[in-house]
Amino acid sequence: AQWIGMIQDATFDENQGREPTRYQGGGDRNLDVFLDLKTDYTGRIRYYPQDGKLWTFVIGSTSTAAGSVVTISETGGRIYWGGLELFSGKMNATTGLTRGLYGVTFDRMRLSGREGEALECELEFACGSVTVNKAATKPTVTESTRTPYMWDDVEIKISGIPWNDTFRAAKEFTFEMNNNLEHPFYLNYTRYKGESIPAAREYSLDLTMNMVETSGDSLYADYYWSGTVFNMDINAWRVSGTLNSEMFNIAMSGCKMTTMEMTYPVEGVCEQNCTIVPEACTIIVKESGTATYPNWSVAK
């Protein structure tokens, strides 16, 4: 069992697909029968990340080097799935209701940060089947005592020509990855979905920043207006600027700015809002000790 992070909200929408049905000749005004159609199991987890373990199910294949450097990269088109347990009961109860969710795949991931707050990750998932145990012992998991990644751990930068620098006045970002999974329900003598199929993968990065004299004109003219392709990174260090401490790096390549908005207020700060769309992405997570990440050796 793996600790997810500081969960702020978790929802699970369980639709058993029971459809009330009427037909001619039923004999009265009431419904006649329930048809059991396909099941629909989806949910969402919103949490403050303390590491990158759950991202290994979202982006791609995972490898670990030197016991502490985890690389999550795109290789192929397969999607890995795992399981989640939802426990309902008193905090100190030894038994309660546990729902086991199996064949869990993550459709969409959003990682966001804003001034003065902890970074927040939101994951949308679907699952294939559910088991129920009314007398289950509360699952045990080792709680992480790390501070979550905070806004002041973050650096966002562009790499290359004509501009190679950080976004020094960034106030808010949202990085999103969408697997666009298709969930088939085959004619194979079961009501439950088959293995999810990955369609076109999509990335995007939305940035809100104050318009700064040294960069505002370059961001507009050299990237948005010109259509220049560039690479960029989102870095977060637990010890600022120390590359070998606990950190993560989201490396995006083949990027283009697809929108750029600039405000013209009567009073206050001029803002720039832009959307950046990368072609590809790799995440590297560095841990201070031995990393216990899933080690996917098969391409996704």
Side-chain angles (χ1 to χ4, degrees), residues 1-2 4-5 7-47 53-60 76-89 93 95-111 120-139 141 176-204 294 296 298-300:
Q2 297 287 345
I4 291 175
I7 295 177
Q8 303 300 298
D9 182 46
T11 61
F12 178 54
D13 299 320
E14 183 178 355
N15 185 348
Q16 294 291 348
R18 299 185 179 114
E19 183 176 275
T21 303
R22 303 169 188 268
Y23 50 83
Q24 293 183 357
D28 56 32
R29 297 168 55 220
N30 300 331
L31 71 90
D32 295 297
V33 69
F34 284 93
L35 297 180
D36 290 335
L37 305 182
K38 67 179 184 179
T39 58
D40 186 14
Y41 303 141
T42 60
R44 182 175 63 94
I45 303 171
R46 183 173 60 85
Y47 67 101
K53 289 193 178 83
L54 222 55
W55 303 341
T56 64
F57 291 89
V58 183
I59 299 293
R78 186 171 177 180
I79 292 294
Y80 287 98
W81 62 92
L84 292 171
E85 287 189 339
L86 307 178
F87 177 83
S88 299
T95 61
L97 174 64
T98 294
R99 289 181 291 176
L101 314 185
Y102 298 98
V104 175
T105 53
F106 292 101
D107 294 61
R108 186 189 300 261
M109 163 189 165
R110 296 184 191 90
L111 179 66
E120 182 177 289
C121 187
E122 182 176 290
L123 293 168
E124 298 176 9
F125 66 87
C127 74
S129 61
V130 179
T131 62
V132 177
N133 189 338
K134 296 190 296 183
T137 302
K138 183 178 180 180
V141 63
E176 182 170 316
M177 199 279 276
N178 190 350
N179 274 316
N180 285 311
L181 298 180
E182 297 180 8
H183 303 299
F185 287 82
Y186 297 118
L187 282 70
N188 63 354
Y189 206 68
T190 179
R191 296 175 56 225
Y192 302 107
K193 79 175 185 69
E195 183 177 344
S196 298
I197 303 169
R201 178 167 40 208
E202 297 175 331
Y203 298 110
S204 66
W296 307 122
V298 181
K300 258 183 147 174

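Taking the side chain as every heavy atom from C-beta outward, Arg18 and Asp36 approach each other to under 4.5 Å. You'll find the side chain of Leu84 reaches within 4.5 Å of the side chain of Ile45, heavy atoms only.
Ile7 approaches Tyr47 most closely through the heavy-atom pair CA-CB, 3.6 Å. The two atoms that bring Val104 and Leu101 nearest to each other are CG2-O, 3.6 Å, heavy atoms only. The two residues Phe57 and Lys53 come nearest to each other via the heavy atoms CD1-O, 4.2 Å. The minimum heavy-atom distance between Pro184 and Ser196, with the atom names listed, is CD-CA, 4.3 Å. Here the closest non-hydrogen pair linking Leu111 and Cys121 is CD1-CB, 4.1 Å.
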Item to check | From CA spacing to verdict: side chain to side chain contact (heavy atoms under 4.5 Å, CB included), Asp13, Asp40 | outcome: CA-CA 8 Å; Asp13 299 320; Asp40 186 14; over 6 Å; no

Item to check | Test log, rule side chain to side chain contact (heavy atoms under 4.5 Å, CB included), inputs Gln2 and Leu54 | outcome: CA-CA 9 Å; Gln2 297 287 345; Leu54 222 55; over 6 Å; no

Next on the checklist: Determine whether Phe185 and Lys193 satisfy the following criterion, side chain to side chain contact (heavy atoms under 4.5 Å, CB included), listing intermediate values before the conclusion.
Outcome noted: CA-CA 5 Å; Phe185 287 82; Lys193 79 175 185 69; 3.6 Å; yes

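In this structure, CD in Glu176 is found 12.0 Å from OH in Tyr203, a value given to the nearest 0.5 Å. Once rounded to the nearest 0.5 Å, the distance linking CG of Leu37 with CG of Asn15 reads 9.0 Å. Remark: Thr98 OG1 to Asn133 CG distance equals 6.0 Å, nearest 0.5 Å. Interatomic distance, Asp107 CG to Met177 CE, rounded to the nearest 0.5 Å: 10.0 Å. Taking NE2 from His183 and OG1 from Thr39, the interatomic distance works out to 11.0 Å, rounded to the nearest 0.5 Å.
Between Tyr41 and Phe12, the two ring planes are tilted [angle within 30° to 60°].
Considering only residues two or more places apart in sequence or on other chains, Asn180 meets the side-chain hydrogen bond (donor to acceptor under 3.5 Å, both in side chains) condition with Asn178, Glu202. The side-chain hydrogen bond (donor to acceptor under 3.5 Å, both in side chains) check on Glu85 picks up nothing, with sequence neighbours excluded.
Panel note: side chain Asn179, backbone Phe106; a donor-acceptor pair is recorded below 3.5 Å. With hydrogens and angles ignored, the 3.5 Å screen pairs a side-chain donor or acceptor of Arg191 with a backbone N or O of Gln16.
Pairs passing the side chain to side chain donor-acceptor pair (under 3.5 Å) check and including a residue from residues 20-34, sequence neighbours excluded, do not occur.
By the 4.0 Å N-to-carboxylate-O rule, Arg110 lies close enough to Glu124 to be salt-bridged with it.
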